[in-house]
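Here is how names work: the chains are called A, B, and so on, in the same order as the sequence lines, proteins then strands, and each is numbered from 1.
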There are 2 protein chains.
Amino acid sequence: MILKSQVEWALHCCAILAGLPEGRYLSTKALAEFHGLPKEYLSKALQSLSQAGLVHTTLGPSGGYRLAKAPAELTFLDIVEAVEGKARTFVCTNIRANNPCRAPGYCESTPCAVARIMWEADEAWREKLRNVRLSDLIEILSKEIPADLMKRTFGWVLERAG
Amino acid sequence: MILKSQVEWALHCCAILAGLPEGRYLSTKALAEFHGLPKEYLSKALQSLSQAGLVHTTLGPSGGYRLAKAPAELTFLDIVEAVEGKARTFVCTNIRANNPCRAPGYCESTPCAVARIMWEADEAWREKLRNVRLSDLIEILSKEIPADLMKRTFGWVLERAG
DNA sequence: CAAAATAGGGATATTTGTTATCCTTAATAG
DNA sequence: CTATTAAGGATAACAAATATCCCTATTTTG
């Protein structure tokens with residue numbers, strides 16, 4: 001059970017977009033080049049972010065992506081779910097219904113207890129991601145990344161931002 | 001990102017094995033028939049439980065599986081990890097290293113901040129599963145399942161237990 | 001001792017999901 | 001008008017999950 005690589009890509013792209021000045025856009029091409037990713041396929045991840053309303057886009061030269069909300073209003077869960085989907089990791093196929101001893105018309109009222117427990121763990125995972133904002137990541141990165149690398153990166157992005 | 005169906009199967013099989021009297025064994029054939037599952041493939045899940053030391057096996061007619069520990073000593077995490085593996089859901093491919101602005105020999109000391117956050121969510125999921133014991137599930141089921149169905153099921157299993 | 005049933009495990013399909021590429025269309029800036 | 005962009009459909013390559021088959025060693029039972 002492994003998350004799509006697009007989840008990693010989307011998170012890093014959002015971190016870059018968070019550093020973009022108001023009103024500027026960054027293209028798929030620039031984001032792909034920066035991260036060393038296949039442009040066409042990265043585009044699918046960015047489309048997912050767009051469909052989820054997390055980023056705003058414009059067409060044409062100087063077009064691309066910018067965040068649709070402030071980094072403090074964007075959670076990790078928003079980004080992860082936009083790309084990976086909102087489905088639970090545990091799928092209950094209700095195999096208890098195959099019990100040969102159950103009465104013919106027996107119909108279970110509550111979801112399977114096994115599923116309920118597994119879904120609680122899923123929810124704990126989501127809750128953790130819901131409580132991390134993109135702004136939290138930016139704050140961590142600004143402390144960890146050397147100032148000169150930060151500055152050069154910022155310059156690299158601005159050169160390509162439309 | 002969906003867990004293997006074998007995880008569901010293993011959890012339900014352990015619940016059945018938990019009701020087995022001391023020293024008795026239940027075969028793959030019986031477990032597969034009870035749950036309506038493909039015998040050969042279910043066998044792979046049970047082999048995983050065996051390799052993880054969660055169940056004990058014997059060969060020959062009247063052979064099969066029993067729990068290797070008391071239900072109170074078996075957690076959901078034990079069972080899930082035995083079948084699904086212990087790998088994290090988020091795989092960090094360190095795409096930050098592709099940043100064209102970074103110094104040639106620049107080597108990051110700490111794991112990527114994005115990965116650290118995602119791994120914390122993974123750990124929250126594990127922690128939740130670690131805190132649910134198989135005995136907790138049995139307790140819930142004993143309350144939810146009608147007494148007559150429980151009795152018939154118990155009889156069905158005992159008829160086939162070696 | 002012989003026969004039947006079992007777990008274990010290797011080999012191999014089959015199916016599904018992920019990853020990736022290509023191409024067309026509509027919009028937009030210069 | 002031209003170049004560039006996002007969006008999205010079609011399709012291919014690849015990997016993982018699901019499933020089946022078959023052989024072996026072991027053990028109970030008759």
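Less than 4.0 Å separates DNA chain D from no heavy atom of any residue of residues 88-101 of chain B. Contacts of residues 28-48 of chain B with DNA chain D (heavy atom under 4.0 Å): B:Pro38, B:Glu40, B:Tyr41, B:Lys44. Residues of residues 4-20 of chain B that place a heavy atom closer than 4.0 Å to DNA chain D, in numerical order, are B:Lys4, B:Ser5, B:Trp9.
Remark: P of C:dT18 and CD of A:Glu84 are 7 Å apart, rounded to the nearest angstrom. In this structure, the CG atom of A:Leu49 is 13 Å from the C1' atom of D:dA6, given to the nearest Å. Taking atom CZ of B:Arg66 as the reference point, atom P of C:dA7 lies 14 Å away to the nearest angstrom. Taking atom CG of residue B:Leu26 and atom C1' of nucleotide C:dA7, one finds them 14 Å apart after rounding to whole Å. If you take CG of B:Leu3 and C1' of D:dA16, they are 14 Å apart, rounded to a whole angstrom.
Within the 4.0 angstrom heavy-atom criterion, no nucleotide atom of any strand lies near B:Gly162.
Inter-axis angle, ends of the helix from C:dC1-D:dG30 to C:dG30-D:dC1, five pairs per end, rounded to 10 degrees: 10°.
The aromatic rings of B:Tyr25 and B:His56 are tilted relative to each other, their planes meeting at an angle between 30° and 60°.
Phosphate proximity of D:dA7 to A:Tyr65: present, with a side-chain N or O under 4.0 Å from OP1 or OP2. For the OP1/OP2 pair of C:dG8 and a distance below 4.0 Å, the side-chain nitrogens and oxygens of B:Gln51 include no atom meeting the criterion. Between B:Thr57 and C:dT6, a side-chain N or O to OP1/OP2 separation shorter than 4.0 Å is absent.
Residues passing the side chain to side chain donor-acceptor pair (under 3.5 Å) test with A:Trp9: none are found, sequence neighbours excluded.
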Per-nucleotide protein contact string for nucleotides 24-30 of chain C, where B marks a base within reach and S marks sugar-phosphate only (heavy atoms under 4.0 Å, - for neither) = ---BBB-
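The minimum heavy-atom distance linking B:Tyr65 with B:Gln47 is given by the pair OH-N, 4.2 Å.
A salt bridge does not link A:Lys128 to B:Glu127: none of the charged nitrogens lies less than 4.0 Å from a carboxylate oxygen.
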